[in-house]
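Structure first, then comments.
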Amino acid sequence: MINELMIILFAPLIAGVVAWALDIKGIREAIGIIGAAIPLAYLVKLYPTIIENPIDYSITVSGFTLQFQLNTMSWYFAAVASLVGLAMAFGMAVTSRESYDWLFALMSFTGVLGVFLSQDFVGFFLLWELMTFASFMMVLRRNRHESLKYFVLSVIGAYAMLIAIGMLYAKTGALDFASIRQVLYMDAAMGTITTRETAIIFGLFLTAFGVKAGAVPLHVWAPGAYSETDQSYTAFFSGALSKAGAYGFLLLYILMGYKLYAAFGTFHNHLTFAYIIAWIGAITVVVASFLAVLQEDIRKLFAYSSVGQVGYILLAFGLGSTLGFAGGLFHVLSHAIFKGLFWLVTAAIILQTGKTQFKDMGGLAEKMPFTFAMGLIAVLSLAGIPPMAGFASKWLIYEAAISAHMPLVAGAIFLGSALAFAYVVRFLYAVWFGQRPSDLEDVKEAPLPLLIAMALLAIPNLVFGVAPGLVTQYINKILGGEVVGGDYYKLVTPTGTYNALLVTIALVIGLAIAGLVYIYGAKTRKIPVTNTYQSGNPVTEEFNLSIRRNFYKPLAEALEFWLKYSWDRFYERVAGMAEDFADSLRQAFYNGNVQSYSWYLAIVLLILALWGVL
Amino acid sequence: MISAYYFGAISLILIGLYAILVKKNVLKMLIGLSIMETGVNLLLVSVGYISGRSAPILSEGIGPNQAVDPIPQALVLTAIVIGVATTAMALSVAMIIYEKYGTLNVEEIRRLRG
Amino acid sequence: MLKRALAIITLLIIGYWLAQGLAGVPFGEDRMLVAQYYLDHVKEQTGAVNTVTAVVVNYRGFDTLGEVTVLFIASTGVGALLWRKKRERTAKTEGSIVLTTGTRLLAPFIMLFGAYIFIHGHLTPGGGFPGGATIATAFLLLYMAFTVYEIPHKTFEKVEGAVGMAYVLVGLIGLAIGGYFLYDWIWQDWGFGVDNVGRLLSGGFIPVIYTIIGLKVGTELSGIIDNMLKEEVSE
Amino acid sequence: MNGQYASLLIALPLISAFFVPLIKGLGKKAVKYYLVLITALQTGIAAWVFQEVYTTGKPIIVMAGAWRPPVGINLYIGHFAALFVLIVAVVSFLMAVFSIRAISVDPIDKYAMLFLLVMLGATGMIATGDIFNLFVFMEITAISAYALTAYNKTGEAAEASIKYIILGGIGSSFFLIGIALIYGSLGTLNMAQIAQLAGGMDATVAQVGLALIVFGLAVEAELFPLNAWAPDAYQAAPHPITAMFSAFVVKAGLYALARILYLMQAVSSWHSVLKLLIIMATLTVFVAEFAALRQKNVKRMIAYSSIAQIGLIGLAFALGTQSGVDAGVFHMVNHAIVKALLFLAVGHVAVSLGGAEMEKFEGLGKRMPLTAFAITVGAIAAVGIPLFNVFWSKLRILLATLGAGYSWAAAVVLIASVVEAVYYFRLIHTMWFAGEGERISEGLAVSLMLLFLAALVIVIGVYPDYAWSIAQKAGNDIFNVADYIKNVPLMGVGA
């Protein structure tokens with residue numbers, strides 16, 4: 001029983017290493033898929049046991065005791081990650097041609113599982129760094145600049161966390177979560193850790209988890225990292241790895257919640273520190289959604305949309321109410337499924353057409369019907385349209401925001417989902433419908449493993465959409481209380497109910513009627529492509545708007561003022577300045593002249609002398 | 001005030017250091033280095049001196065408590081030879097520098113920098 | 001100009017600091033601790049009259065072993081750095097009549113005097129190092145007097161190596177016999193020369209080691225002189 | 001075979017160095033293989049000593065000339081010395097095998113002698129228990145290092161060597177002044193007795209003496225303002241020698257610094273010296289890492305990275321806590337392995353492709369895949385990625401630093417290691433994903449060594465318990481001065 005956790009944790013890594021070592025075309029993929037499937041299989045097997053009591057496992061490595069625990073919450077996160085991981089493995093069987101990708105993809109898989117399962121900071125930090133390193137190596141292959149940007153930001157986050165861990169270790173003398181929580185709980189009253197130190201520790205943890213979750217000021221790595229790697233790996237990258245950041249915020253609550261409350265008090269009856277997290281989430285949702293709408297490249301669009309969606313989760317956790325946690329946790333699952341699905345659809349499109357810009361695509365629905373259907377499910381789920389899981393989780397988050405009396409934050413959610421709908425519809429129309437460019441005539445459907453991967457993620461979308469109770473019942477177990485009422489098909493919250501079954505039946509009937517009208521109604525006829533007319537004034541070449549080419553250009557012009565400031569350029573300038581400082585420092589100090597070197601020695605002697613004499 | 005010997009030793013050390021810090025020619029710096037080493041040796045010996053006693057050779061006239069402290073003298077014997085060895089090594093390296101750079105001016109010997 | 005002023009100020013402060021430190025070690029006071037033990041026991045433990053030599057060779061023999069290695073490194077290093085394919089002596093001017101005849105007369109006596117110094121190391125001041133240096137001056141005289149004279153380079157290196165090995169072998173024999181490296185088995189175990197302390201045949205293995213050191217220093221320093229005097233001849 | 005045979009550790013390299021002129025006639029190949037043989041023998045003895053010390057748990061005290069300390073000089077081969085003498089021997093053996101292929105410049109017999117004497121010097125510095133003997137062995141290491149730096153006889157090599165000589169000369173002179181002061185006030189040169197009597201010293205003498213000794217050793221141990229000679233010496237020295245420099249020559253200096261520092265902890269101004277050392281060490285890490293950022297020459301870049309890691313070890317030692325010293329020793333062991341691997345690989349590239357500039361490394365993955373793999377493992381380990389050995393020791397050092405309350409130092413070190421990650425991953429990218437080239441044959445011996453070291457890095461990374469327990473015992477050997485005094489059989493001399 002005990003070493004099951006080890007199997008779950010290290011199966012992907014070992015499979016990755018074996019796949020990398022063997023490097024034979026067929027076998028490599030098989031090992032990879034098996035390696036990715038083992039964690040999901042074991043998690044399902046262990047489901048009945050962890051309901052009663054969590055499984056513990058600890059090993060001592062070089063003096064540190066690494067503790068791992070599979071409790072309800074870590075099971076939930078691990079299950080989400082392994083589901084997306086399995087889909088990624090199926091996807092990578094087609095899209096990756098190098099055993100190098102398998103090694104590092106599965107290493108990051110182990111990293112994420114380890115982060116969710118570990119119960120002490122050393123193991124947490126170790127696997128966190130492993131996950132960052134592995135995902136960095138995936139991006140390093142294809143683009144050095146983007147990968148280094150990603151690595152530097154996430155390593156700064158990781159090291160910020162290390163300093164915070166060190167400070168906690170210095171103060172509490174403990175490294176494992178249980179005793180830290182206990183000591184901090186007691187300390188809230190005594191206050192040996194001053195508010196200033198708590199603020200530093202909170203700020204450091206915020207940066208660490210903010211970088212990973214892609215919160216606004218630290219999100220610049222996301223577009224580059226997500227688009228510059230093997231697309232089916234990005235499904236895992238944005239589906240599961242960003243969840244590690246969200247999990248970190250949850251950890252913050254568990255470990256230091258009471259201490260932070262005692263240190264910072266409340267801000268018109270919201271927990272101050274939670275308020276900050278909520279606002280970070282809100283800003284991320286708005287900024288990322290606006291940026292997503294303006295993108296011309298399909299991968300950049302989904303990258304920003306992924307950052308935005310994680311913003312939702314942060315926002316939900318920031319509300320601080322148990323309903324907020326429920327909404328956030330549900331959104332963790334739904335975001336993982338529909339975002340993973342989106343990335344697999346993109347992988348299929350890029351694999352078959354080789355194009356990534358909207359303007360080169362169009363009319364692929366006939367050519368790739370199955371991928372189109374999967375894309376449609378993903379679109380509905382992201383936009384939050386009822387039968388899909390996306391709607392259920394967003395609905396819970398709205399409920400929580402309203403009941404937490406945070407109108408501005410709720411406003412941010414509405415704006416975010418409106419923009420989400422905007423860019424999703426653009427994706428739907430630009431890629432699938434409309435005029436098909438001549439060079440895409442011979443496009444075939446995506447190969448089978450990729451289709452299996454997409455199906456793997458589409459089915460839960462539907463199942464949890466129609467029966468959200470499955471998820472909320474489990475979430476109640478996590479939060480330990482009847483947070484979201486109702487049975488499998490109905491969600492009951494203090495402010496409203498949502499009967500998923502009823503809505504789905506209504507939708508099916510509506511669709512059936514629409515189908516009839518379509519078949520027997522007016523004939524469809526081919527229409528020539530005509531330019532869109534822009535309310536009377538002549539359409540100049542550069543302003544030639546079509547669904548595929550800069551469709552949202554007017555919005556971009558409206559946001560001209562805001563788009564001037566980009567965090568990305570700011571970080572590039574800072575990096576440039578650091579390198580120039582390094583150069584000038586080196587030229588000044590190591591100037592090659594022995595005499596100046598002996599002057600350095602004399603100066604040190606002078607310092608010793610002055611310190612001695614005074 | 002400290003005794004004349006200490007004063008002499010310290011001033012020798014400082015003169016040597018001064019030469020290293022200010023002189024441009026490598027050979028002058030090496031001379032400064034050996035002056036400094038001589039100064040240190042003088043200091044080492046003068047630490048062991050006990051006034052009113054003679055050399056630690058216990059022949060007829062001198063008993064165990066009429067002799068000066070022998071250890072610093074033993075140490076100086078080693079330190080002098082180390083000084084010789086460093087200077088010999090430095091001079092041969094200076095010969096190579098002159099052969100390859102054509103100059104002994106410290107400002108110009110700066111190919112390895114940054 | 002400013003640089004010199006700055007240098008002087010820095011050095012004065014450092015000097016003041018050192019003087020302050022040295023004030024705590026007043027000149028000419030008897031603070032001997034281990035040294036007193038040496039002075040009391042040197043006669044019966046090592047048989048040498050010159051305590052400094054006893055300390056150098058016997059009590060702190062390890063230092064001298066290191067010491068000999070340092071000089072060996074110096075000569076090897078100079079040899080390695082100034083090594084050229086073809087090297088000749090390029091001195092042009094022959095020494096003056098006074099120098100040449102003087103050298104012819106004095107060279108053997110200088111060597112003899114050097115030998116005398118290191119053989120009587122345990123009795124009179126000076127030991128292996130000064131003795132070796134005197135021998136080297138004899139060779140230096142020969143170099144200065146005659147433009148063609150060259151020391152037999154190959155044999156000197158061999159002698160250097162052999163004598164160095166002899167020194168370590170003496171130490172190893174001590175390890176074999178007495179169980180301790182550099183153990184003075186001549187004095188402690190054989191008790192040779194115990195009765196005539198203060199005369200030539202006493203002092204345990206001190207004269208043996210000092211002869212070794214004398215030869216080694218002599219050959220090494222003349223080797224260094226030889227390396228430095230030769231120029232590269234390119235043909 | 002009683003403990004005294006450990007003195008063979010010093011006698012063997014010495015007698016074989018003196019033996020080289022006699023076998024010079026047999027030709028260059030013979031001398032090189034002779035060198036390999038002697039270093040193998042030294043490794044054997046060192047392994048025997050290591051096994052002896054770690055099984056019995058008691059240090060071996062070698063008393064030269066049968067005189068008990070403080071009358072005679074004693075070698076104190078405790079847990080740390082046994083461990084590090086073994087590392088010195090193993091790295092020298094590896095570099096001797098590498099020298100067969102790497103050294104072509106002419107007087108090979110002189111090279112062999114100097115090689116053995118550097119090894120002797122480092123072993124002596126680590127093992128000795130007498131402060132003046134430490135100075136003598138430091139000089140042996142230093143002077144042979146001067147000679148070996150200038151061995152290539154190029155302009156740059158001579159320039160690097162003259163810098164090293166002048167700065168090393170100043171450092172050792174002041175170190176000698178420090179010894180004169182200590183001897184002047186205490187009357188003894190034996191480290192254990194100094195530790196005993198250090199409390200009673202006059203305050204100003206103690207302060208000046210300790211400061212000067214720390215200054216002298218800091219020049220040798222490359223702390224910030226004093227390490228200006230190091231990058232040039234690393235770059236200009238022959239490749240095997242650079243690996244030896246970074247793997248153990250500098251560490252011997254660092255160990256001596258730590259040993260004397262902890263011996264003199266009874267001195268009143270001890271804490272302020274520690275604070276000064278922490279500032280210097282943190283600055284070393286900071287300046288060295290930033291200096292390595294835009295390096296054209298890969299060997300110089302890795303030299304800077306090695307200086308930075310040594311600064312980190314210095315920081316760990318200067319914390320003054322048991323956990324700090326343990327972490328420092330563990331990092332010393334890891335760093336020795338990683339840097340030996342990196343310099344060996346870079347040297348191998350420089351020897352086969354004729355130069356260590358960044359352009360030579362483009363497409364190395366295709367031309368010399370094994371060496372490229374070794375450099376990648378070394379680079380990833382040096383950055384401190386989990387599942388590699390340096391991660392554990394870096395983590396320990398940072399936890400110890402934060403535990404001791406120096407959070408600013410930890411922050412600076414972490415910023416520096418971010419910079420380190422950037423330039424190492426740039427190197428990895430240039431090697432594997434840029435540039436073309438067809439495969440070149442890599443020497444069997446060197447490839448075996450590279451694989452051995454890379455495997456060692458990964459094994460310690462995945463299973464660090466054994467290495468950590470050794471490091472803890474060795475750290476305790478330095479930190480626990482009371483044990484040190486108890487173990488040394490001091491005669492009641494004089495007062």
Side-chain angles (χ1 to χ4, degrees), chain A residues 13 60-64 100 107 111 122 125-130 132-133 136-137 140-142 144 147-148 151-152 155-156 159-160 162-163 165-167 169-170 173 175 200 575 578-579 581-583 585-586 589-592 594-598 600-605 607-609 611-612, chain D residues 159 162-163 166-167 170-171 174 204 207-208 211-212 215 218-219 225-226 228-229 231-232 269 272 276 280 287 290-291 293-294 330 380 384-387 391-392 395-396 398-399 401-405 407 410-411 414-415 417-419 421-422 425-426 428-429 432-433 463-465 467-468 472:
Chain A
L13 181 63
T60 55
V61 181
S62 98
F64 296 114
Y100 170 101
M107 190 191 280
V122 175
F125 178 70
L126 186 142
L127 289 152
W128 183 278
E129 276 234 348
L130 188 72
T132 321
F133 166 66
F136 157 72
M137 286 306 269
L140 179 66
R141 249 179 79 69
R142 290 165 185 76
R144 182 169 90 161
S147 55
L148 275 182
F151 190 76
V152 166
V155 153
I156 287 173
Y159 285 151
L162 183 61
I163 294 181
I165 294 170
M167 288 167 82
Y169 177 63
L175 276 172
I200 294 173
E579 291 218 16
F581 163 71
D583 266 359
L585 182 82
R586 181 160 48 94
F589 181 69
Y590 292 107
N591 56 13
V594 179
Q595 197 134 65
S596 37
Y597 293 169
S598 23
Y600 301 150
L601 261 73
I603 290 161
V604 168
L605 274 173
I607 295 164
L608 287 174
W611 159 64
Chain D
E159 178 192 336
I162 203 72
K163 288 178 187 168
I166 291 175
L167 298 180
I170 299 172
F174 277 96
T204 49
Q207 185 255 331
V208 172
L212 283 179
F215 170 78
V219 171
L226 317 172
W229 57 270
D232 306 345
S269 58
S272 40
L276 187 73
M280 278 170 84
V287 168
F290 271 91
L293 198 51
R294 277 212 190 113
F330 192 25
I380 293 174
I385 300 291
L387 296 186
F391 167 79
W392 293 108
L395 180 67
R396 280 240 170 245
L398 287 166
L399 285 181
T401 321
L402 288 163
S407 34
L414 286 173
I415 293 166
S417 43
V418 168
V419 167
V422 168
F425 284 121
R426 275 194 190 143
I428 290 176
H429 188 274
W432 289 99
F433 309 121
Y463 181 68
D465 288 8
W468 171 243
Q472 258 173 331

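We use all heavy atoms of the structure for the numbers below, so side chains are in, but hydrogens, waters and symmetry mates are not. Here is how names work: the chains are called A, B, and so on, in the same order as the sequence lines, proteins then strands, and each is numbered from 1. What you see is a predicted model, and the numbers here were worked out from it, not measured in a lab.
For the atom pair NE2 (D:H429) and CZ (A:R142), the distance works out to 10.5 Å, reported to the nearest 0.5 Å. Within the model, atoms CG of D:L387 and CE of A:M107 stand 6.5 Å from one another, a figure rounded to the nearest 0.5 Å. Atom CG of D:L395 sits about 8.0 Å away from atom CG of A:L126, to the nearest 0.5 Å. The line from CZ of D:F391 to CZ of A:F133 is 13.0 Å long, rounded to the nearest 0.5 Å.
Among all heavy-atom pairs drawn from D:G403 and A:A170, the shortest one is CA-CB, 4.0 Å. Taking all atoms of both residues into account, the shortest heavy-atom contact from A:L162 to D:L402 is O-CD1, 3.9 Å. A pairwise comparison of heavy atoms in D:R294 and A:R586 identifies O-NH2, 3.3 Å as the closest pair.
Heavy atoms closer than 4.5 Å to chain A are found nowhere in D:Q472, neither backbone nor side chain. Proximity to chain A (any heavy atom under 4.5 Å) is shown, for D:Y463, by neither the backbone nor the side chain. Residue contact with chain A, scored on non-hydrogen atoms closer than 4.5 Å, involves the backbone and the side chain of D:I385 alike. Interface residue D:L167: backbone and side-chain heavy atoms are both found under 4.5 Å from chain A. Both the backbone and the side chain of D:V418 come within contact range of chain A, judged by heavy atoms closer than 4.5 Å. Residue contact with chain D, scored on non-hydrogen atoms closer than 4.5 Å, involves the backbone and the side chain of A:F64 alike. Proximity to chain A (any heavy atom under 4.5 Å) is restricted, for D:I380, to the side chain, taken from C-beta onward. Contact of A:F151 with chain D is made through the side chain alone, with heavy-atom distances under 4.5 Å.
Residues D:P386 and A:L127 form no side-chain contact, since every pair of their non-hydrogen atoms from C-beta on lies 4.5 Å or further apart. Using a 4.5 Å heavy-atom cutoff, the side chains of A:Y590 and D:V287 are in contact. Contact check for A:W611 versus D:S269: side-chain heavy atoms found under the 4.5 Å cut-off. Side chains of A:L608 and D:L276 form a contact here, defined as non-hydrogen atoms less than 4.5 Å apart. With contacts defined as side-chain heavy-atom distances shorter than 4.5 Å, the pair D:W392/A:V61 qualifies. Residues A:Y597 and D:K163 are in side-chain contact: their nearest non-hydrogen atoms beyond the backbone lie under 4.5 Å apart.
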### Query
Given the rule in the side-chain contact (heavy atoms from CB on, under 4.5 Å) test, do D:W432 and A:L140 qualify, once you have shown the distances and angles that lead to the verdict?
CA-CA 10 Å; D:W432 289 99; A:L140 179 66; over 6 Å; no
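At least one test fails for A:R144 against the ring of D:F425: distance under 6.0 Å to the centre or angle within 45° of the axis.
Listed by chain and number, the residues in a ring-ring contact (aromatic ring centres under 6.0 Å, His included) with A:W128 are A:F124, A:F209 (sequence neighbours excluded). For A:Y100, the ring-ring contact (aromatic ring centres under 6.0 Å, His included) criterion is met by A:F104, D:F433, not counting sequence neighbours.
With chain A as the partner, the residue from D:L212, D:L293, D:V219 showing the most heavy-atom pairs under 4.5 Å is D:L293. Here A:L601 is the residue among A:L601, A:I603, A:I163, A:V604 with the most heavy-atom pairs under 4.5 Å with chain D. Counting heavy-atom pairs under 4.5 Å between each of A:V152, A:L605, A:I607 and chain D puts A:L605 at the top. Put simply, of A:F125, A:Y600, A:Y159, the one with the most heavy-atom pairs under 4.5 Å next to chain D is A:Y159. When each of D:G405, D:S417, D:A218, D:A410 is checked for heavy-atom pairs under 4.5 Å with chain A, D:S417 comes out on top.
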